[in-house]
2 protein chains.
Amino acid sequence: METVKVDGRVERGEQTRRQILRRAAEIASVEGLEGLSIGRLATELEVSKSGVFAHFGSKEELQLATVRAAAAIFATQVVEPALVVPVGRERLELLLNGWLAYSENRTFPGGCFFYAVQAEFDARPGRVRDAIAGYGREWNEYVRDTAAVVPGVDDPDQLAFELIAFLEMANAQSVLHDDPHAYDRARKAVRARLAQAGTASAAASTTRR
Amino acid sequence: METVKVDGRVERGEQTRRQILRRAAEIASVEGLEGLSIGRLATELEVSKSGVFAHFGSKEELQLATVRAAAAIFATQVVEPALVVPVGRERLELLLNGWLAYSENRTFPGGCFFYAVQAEFDARPGRVRDAIAGYGREWNEYVRDTAAVVPGVDDPDQLAFELIAFLEMANAQSVLHDDPHAYDRARKAVRARLAQAGTASAAASTTRR
DNA sequence: AGACTAATTGTACGATCGTTCGTACAATTA
DNA sequence: TAATTGTACGAACGATCGTACAATTAGTCT
């Protein structure tokens, strides 16, 4: 049933396509998806401009493919490592720490790819914005669902909102101010917030009027 | 000693300059400071391209002037209204609620101006980034100093980090997902975090080992 | 070998970018 | 009134943008 790829031409094409998208995601994390230009991409990769263009057919398709490629890297770097432990508090912590490491290690040179492009496209319509918003929603829901099964969590939506806020704030402060302590602040905030959630049910049951 | 302005020419010039910067800040909050183009600005304001250009001498100067103009609007809209009450918890709450209103009311059509341009310039060097980083630092320090004098606050830097994270998260979610509830989440998070700070000293003194 | 196919290239296009220039006109100064 | 200043203008510049299309190279078939 599996169609094995043996065509060397297609193989080569897919490889250059991967290289293009790799570089495109790196550039976009620094300069944005609009700052990303086909000509520049071609120059840096030492291929022809029309060669780059032919892979996507339009700039918008290049941007969409770049977003998808970045999402795949994000999943590999952040989501998948947390799957090694069962659902629960430990997985949530692994997920949050994984995100901070993904940002701190500069998986993308400009920090979190999605932080950069979200702010760039959040206020204009179009397919690129929709794609970015879709991944953003997925991430929100995944954090919320992961938090929902942690004992003592009573409002996972609210908790996810606050936790993600800490992560993005750390990324923003670190990149803009070259402040490595921002990640410490985020870790501290996450720890305190989860401790608070852990005692919430007990506190609520004792203090409820 | 005061030189009163009576020259009608410079008066007129300053007015068009103000109009240019007003519009420039609006555009930049949506499309970014790079998406801002002199030609487009001229078309929308129905003035000549060279007329716009002459006011600033370079695109970078236009961007810098736009950032300064936005900072002035921010100060008027967010910082100054909180000065009507004395320092303390009430001023801090007025400041935070003022920020949320500034974002929610779409003072700039793309949401918070500085959220947009911070993410755009955070990873590239230059004077524009330095200016944005400077205002960002000012804002951080102002929130921290305002929080520092609130009774029960023992780590104002950490508190400011978390509070600003909630504000920016609300702005981001609201603009990207058209989700008005994001501001409710931020208000709830702020309230809970300040309540926590209010009991922190008491809790610390009783639970300290 | 030659026919076919997919990836890549070279050349060219219209549009727009930031920038420069000389000029026109209104307002101020002498 | 004459000279000067400040703002705004129109035209043009070189560069770069995204896009189009025909030619070429490289790999797969019969």
Side-chain angles (χ1 to χ4, degrees), chain A residues 3-24 27-28 30-67 69 120-121 124 126-129, chain B residues 2-24 27-28 30-67 117 120-121 124 126-128:
Chain A
T3 38
V4 183
K5 289 263 174 47
V6 282
D7 193 326
R9 298 169 298 183
V10 180
E11 175 66 27
R12 188 165 61 108
E14 287 178 357
Q15 187 172 338
T16 58
R17 187 189 159 97
R18 276 193 296 272
Q19 288 174 348
I20 293 171
L21 290 176
R22 222 310 153 194
R23 195 90 190 83
I27 294 177
V30 175
E31 321 252 8
L33 281 167
E34 290 292 350
L36 182 68
S37 94
I38 296 173
R40 177 183 169 186
L41 209 44
T43 304
E44 294 196 12
L45 292 172
E46 291 178 322
V47 294
S48 71
K49 199 170 126 181
S50 34
V52 174
F53 180 84
H55 273 281
F56 307 99
S58 74
K59 172 151 189 189
E60 191 180 42
E61 284 297 333
L62 166 65
Q63 292 173 328
L64 288 168
T66 303
V67 172
E120 185 182 7
F121 279 86
R124 31 181 157 174
R127 294 201 296 152
V128 178
R129 175 207 145 116
Chain B
E2 285 259 334
T3 38
V4 184
K5 285 262 174 49
V6 282
D7 192 328
R9 297 169 300 181
V10 307
E11 174 68 27
R12 187 168 59 110
E14 286 177 0
Q15 188 172 340
T16 56
R17 186 189 160 99
R18 276 193 297 272
Q19 289 173 347
I20 292 171
L21 290 177
R22 221 315 151 191
R23 195 91 190 83
I27 294 177
V30 176
E31 320 253 7
L33 282 167
E34 291 291 350
L36 182 69
S37 96
I38 297 174
R40 177 184 169 183
L41 209 43
T43 304
E44 294 196 11
L45 292 171
E46 290 179 322
V47 295
S48 71
K49 203 169 115 178
S50 41
V52 174
F53 182 85
H55 273 281
F56 307 98
S58 74
K59 171 148 190 191
E60 190 180 42
E61 284 298 333
L62 166 64
Q63 291 173 329
L64 288 169
T66 303
V67 172
V117 301
E120 186 182 8
F121 278 86
R124 29 181 157 173
R127 296 201 296 153
V128 178

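Everything quoted here is computed from the prediction, not taken from an experiment.
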Nucleotide C:dG18, atom C1' - distance to CD of B:E61 in whole Å: 14 Å

Heavy atoms, side chains only, cut-off 4.5 Å: are A:K49 and A:V52 in contact? no

In this structure, how many angstroms lie between the C1' atom of C:dA7 and the CZ atom of A:F56, rounded? 13 Å

Could you state the CG-C1' distance from A:L45 to C:dT9, rounded to the nearest angstrom? 15 Å

Take atom CD of A:E11 and atom C1' of C:dT5, then tell me their distance rounded to the nearest Å. 17 Å

Counting the atoms with a prime plus P, OP1 and OP2 as sugar-phosphate, which does B:L41 contact under 4.0 Å by heavy atoms, base, sugar-phosphate, or nothing? nothing

Does the structure show a Watson-Crick or G-U wobble partner for C:dT28, both distances under 3.5 Å? Name it, or say none. D:dA3

Look through every strand shown and name the nucleotide pairing with C:dC21 as Watson-Crick or G-U wobble, where both distances are under 3.5 Å. D:dG10

Taking atom C1' of C:dT19 as reference, at what distance in whole Å does atom CG of B:L62 sit? 13 Å

Heavy-atom side-chain proximity of B:T16 to B:L45 below 4.5 angstrom: no

Only pairs with both distances under 3.5 Å count, Watson-Crick or wobble alike; so what is the partner of C:dA3 in this structure? D:dT28

Tell me: NZ of A:K59 to C1' of D:dT16, nearest whole Å? 11 Å

Side chain to side chain contact (heavy atoms under 4.5 Å, CB included) between B:L36 and B:R40, intermediate numbers included: CA-CA 7 Å; B:L36 182 69; B:R40 177 184 169 183; over 6 Å; no

Looking at every heavy atom in both B:A65 and B:F56, which two are closest together, and how far apart are they? CB-CE2, 3.8 Å

State, with a plain yes or no, whether a side-chain heavy atom of B:Q63 is found less than 4.5 Å away from one of B:T66. no

Which letters describe nucleotides 7-13 of chain D, given B = protein heavy atom under 4.0 Å from base, S = only from sugar-phosphate, - = neither? SSBB---

Atom CD of A:Q15 and atom P of C:dA7: how far apart are they, to the nearest Å? 13 Å

As an exercise, state the distance from CD of A:Q19 to CG of A:L41, rounded to the nearest 0.5 Å. 11.0 Å

Measure from the side chain of A:R40, starting at C-beta and using heavy atoms only, and say which of D:dG18, C:dG18, D:dC17 lies closest. D:dC17

Could you check how far CD1 of A:I38 sits from P of D:dG18, rounded to whole Å? 5 Å

Among the nucleotides C:dT20, D:dT19, C:dC17, whichever has the atom closest to the side chain of B:F53 is C:dT20

Using modelled atom types only, decide if a donor and an acceptor are shared between the side chain of B:E120 and the backbone of B:E34 within a distance under 3.5 Å. yes

